[in-house]
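Since the structure comes first, as structure tokens, the remarks are kept for the end.
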There are 2 protein chains.
Amino acid sequence: MAAAAPSWVDLTLQSLRGEGFRNGGARRAVVDLLGRQECCLTAQEMFDRLRDEGNPVGIASIYRVLELLSEKGFVQRIEVGSGVARYEPAHHAGEHHHHHLVCDRCGKVEAFADEELEAAIHNVEGRTGYRVAGHDVVLRGACGDCR
Amino acid sequence: MAAAAPSWVDLTLQSLRGEGFRNGGARRAVVDLLGRQECCLTAQEMFDRLRDEGNPVGIASIYRVLELLSEKGFVQRIEVGSGVARYEPAHHAGEHHHHHLVCDRCGKVEAFADEELEAAIHNVEGRTGYRVAGHDVVLRGACGDCR
DNA sequence: CCCTAAATGGTAGCGGCTCTCATCTGGCGA
DNA sequence: TCGCCAGATGAGAGCCGCTACCATTTAGGG
Ligand SMILES: [Mn+2]
Ligand SMILES: [Mn+2]
Ligand SMILES: [Zn+2]
Ligand SMILES: [Zn+2]
């Protein structure tokens with residue numbers, strides 16, 4: 001059988017190591033937390049969860065880690081219109097890649113995935129003149145509870 | 001021949017009038033400015049342009065107008081990742097409807113349109129359980145100048 | 001014209017995020 | 001194994017987009 005694919009957490013930390021970064025406690029904690037999420041978190045949510053888990057990390061370090069991970073393409077930064085950035089592990093393709101549905105009224109964020117949509121986006125990318133690094137799709141509306 | 005379709009500016013102001021709103025000078029100035037744009041502007045850009053045109057409008061009024069226009073669906077609020085909201089006339093379908101390409105490096109925002117993408121999004125909307133009111137697509141990457 | 005509720009604009013305040021700097025530490029070389 | 005030090009961390013000040021507040025102005029029906 002093939003060797004198990006490295007987890008996103010291991011891949012991320014090892015890649016950074018390979019580039020000469022040091023991976024102190026704050027970065028390891030944030031990467032580990034992100035690796036346990038299904039969908040996006042805000043920086044403040046990460047701060048609160050890490051504190052509650054007994055592994056507090058400074059908010060400045062959280063933002064710094066997220067900036068580095070964004071730059072290197074390991075996390076996707078998502079804006080859903082509330083003025084707060086959200087972050088999640090980036091899966092450029094494959095089973096985990098998804099987009100977001102946001103309730104205009106209660107702010108709930110849910111995930112969806114669609115292959116036809118991905119194909120259409122891929123077709124557009126080739127015609128833009130940009131070297132396209134990623135994409136976001138946000139559907140806005142009223143969730144089942146709010147409509 | 002058919003009567004000319006009312007402009008977005010006239011449609012917007014008349015619809016608000018019909019709902020009992022009063023359309024003072026600030027609101028007329030902001031709607032008029034938006035009606036002259038090809039793509040999205042920030043609130044601060046609107047403040048500066050209106051001042052430069054000799055028709056200054058308070059920044060608070062600009063945000064208030066944009067909030068009302070957003071609520072009523074006359075403008076689309078767009079977040080492209082820089083922490084600043086942008087706004088443009090909403091065209092839910094038809095020749096003016098488009099999405100955005102953002103350069104990660106220099107921040108430039110350009111528009112693109114694609115029918116196949118719109119069709120794919122429409123197909124997704126039906127399966128979500130949400131009453132979907134709108135959607136955003138942002139492609140991120142490096143523009144021709146920056147790559 | 002007048003009246004009144006809606007609209008406006010200056011400004012204080014809020015909150016997310018960034019910057020600065022003193023301190024700490026991962027991990028390499030001796 | 002141990003000391004070194006560049007990179008990492010965290011507390012707190014500061015920045016900036018946006019909102020709240022309230023005194024003043026004004027749209028527009030009567
Ligand atoms: Mn996608
Ligand atoms: Mn569209
Ligand atoms: Zn909801
Ligand atoms: Zn660029």
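Letters A, B, ... mirror the listed sequences (proteins, then strands); counts begin at 1. All heavy atoms count here, side chains included; hydrogens, waters and symmetry mates do not.
Taken from OG in B/S61 to CZ in B/F47, the straight-line distance is 10.0 Å, to the nearest 0.5 Å.
When distances run from any side-chain atom of B/R22 to the nucleotides C/dT8, D/dA27, D/dA8, the shortest one goes to D/dA27. When the nucleotides C/dT8, D/dT9, C/dG16 are ranked by their closest atom to the side chain of A/V84, C/dG16 comes out on top. Nearest nucleotide to the side chain of B/F21, out of D/dC18, C/dA7, D/dA8: C/dA7.
If you measure from atom CZ of B/R28 to atom P of C/dG9, you get 11 Å, rounded to the nearest angstrom. Nucleotide D/dC18 holds its P atom 9 Å from the CG atom of B/L66, rounded to whole Å. Taking atom CZ of residue B/R77 and atom P of nucleotide D/dT19, one finds them 6 Å apart after rounding to whole Å. In this structure, the CG atom of A/L68 is 13 Å from the P atom of C/dT18, given to the nearest Å. Distance A/E67 CD to D/dA8 C1': 14 Å, rounded to the nearest Å. Nucleotide D/dG17 holds its C1' atom 13 Å from the CZ atom of B/R86, rounded to whole Å.
Within the nucleic acid shown, A/G20 has no heavy atom closer than 4.0 Å to any nucleic acid atom.
Along DNA chain D, the nucleotide nearest to A/P56 and the one nearest to B/T42 differ in position, and the one closer to the 5' end is contacted by A/P56.
Neither OP1 nor OP2 of D/dT19 sits under 4.0 Å from any side-chain N or O of B/Y63. For the OP1/OP2 pair of D/dG29 and a distance below 4.0 Å, the side-chain nitrogens and oxygens of B/R17 include at least one atom meeting the criterion.
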Give me the distances for all protein-to-nucleotides 10-15 of chain C N/O pairs that come in under 3.5 Å?
none

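In this structure, a donor-acceptor pair under 3.5 Å is present between the side chains of A/E110 and B/Y130.
With respect to the salt-bridge test (charged N to carboxylate O, under 4.0 angstrom), the residues B/E19 and B/K72 qualify.
Checked against the 6.0 Å centroid threshold, B/H91 and B/H97 do not count as a close aromatic pair. Between A/H122 and A/H135, the ring centre distance reaches or exceeds 6.0 Å.
Applying the salt bridge (charged side-chain N to carboxylate O under 4.0 Å, His left out) criterion to B/D10, with sequence neighbours excluded, gives no partner residue.
The backbone N or O of B/N23 sits less than 3.5 Å from a side-chain atom of B/R28, completing a donor-acceptor pair.
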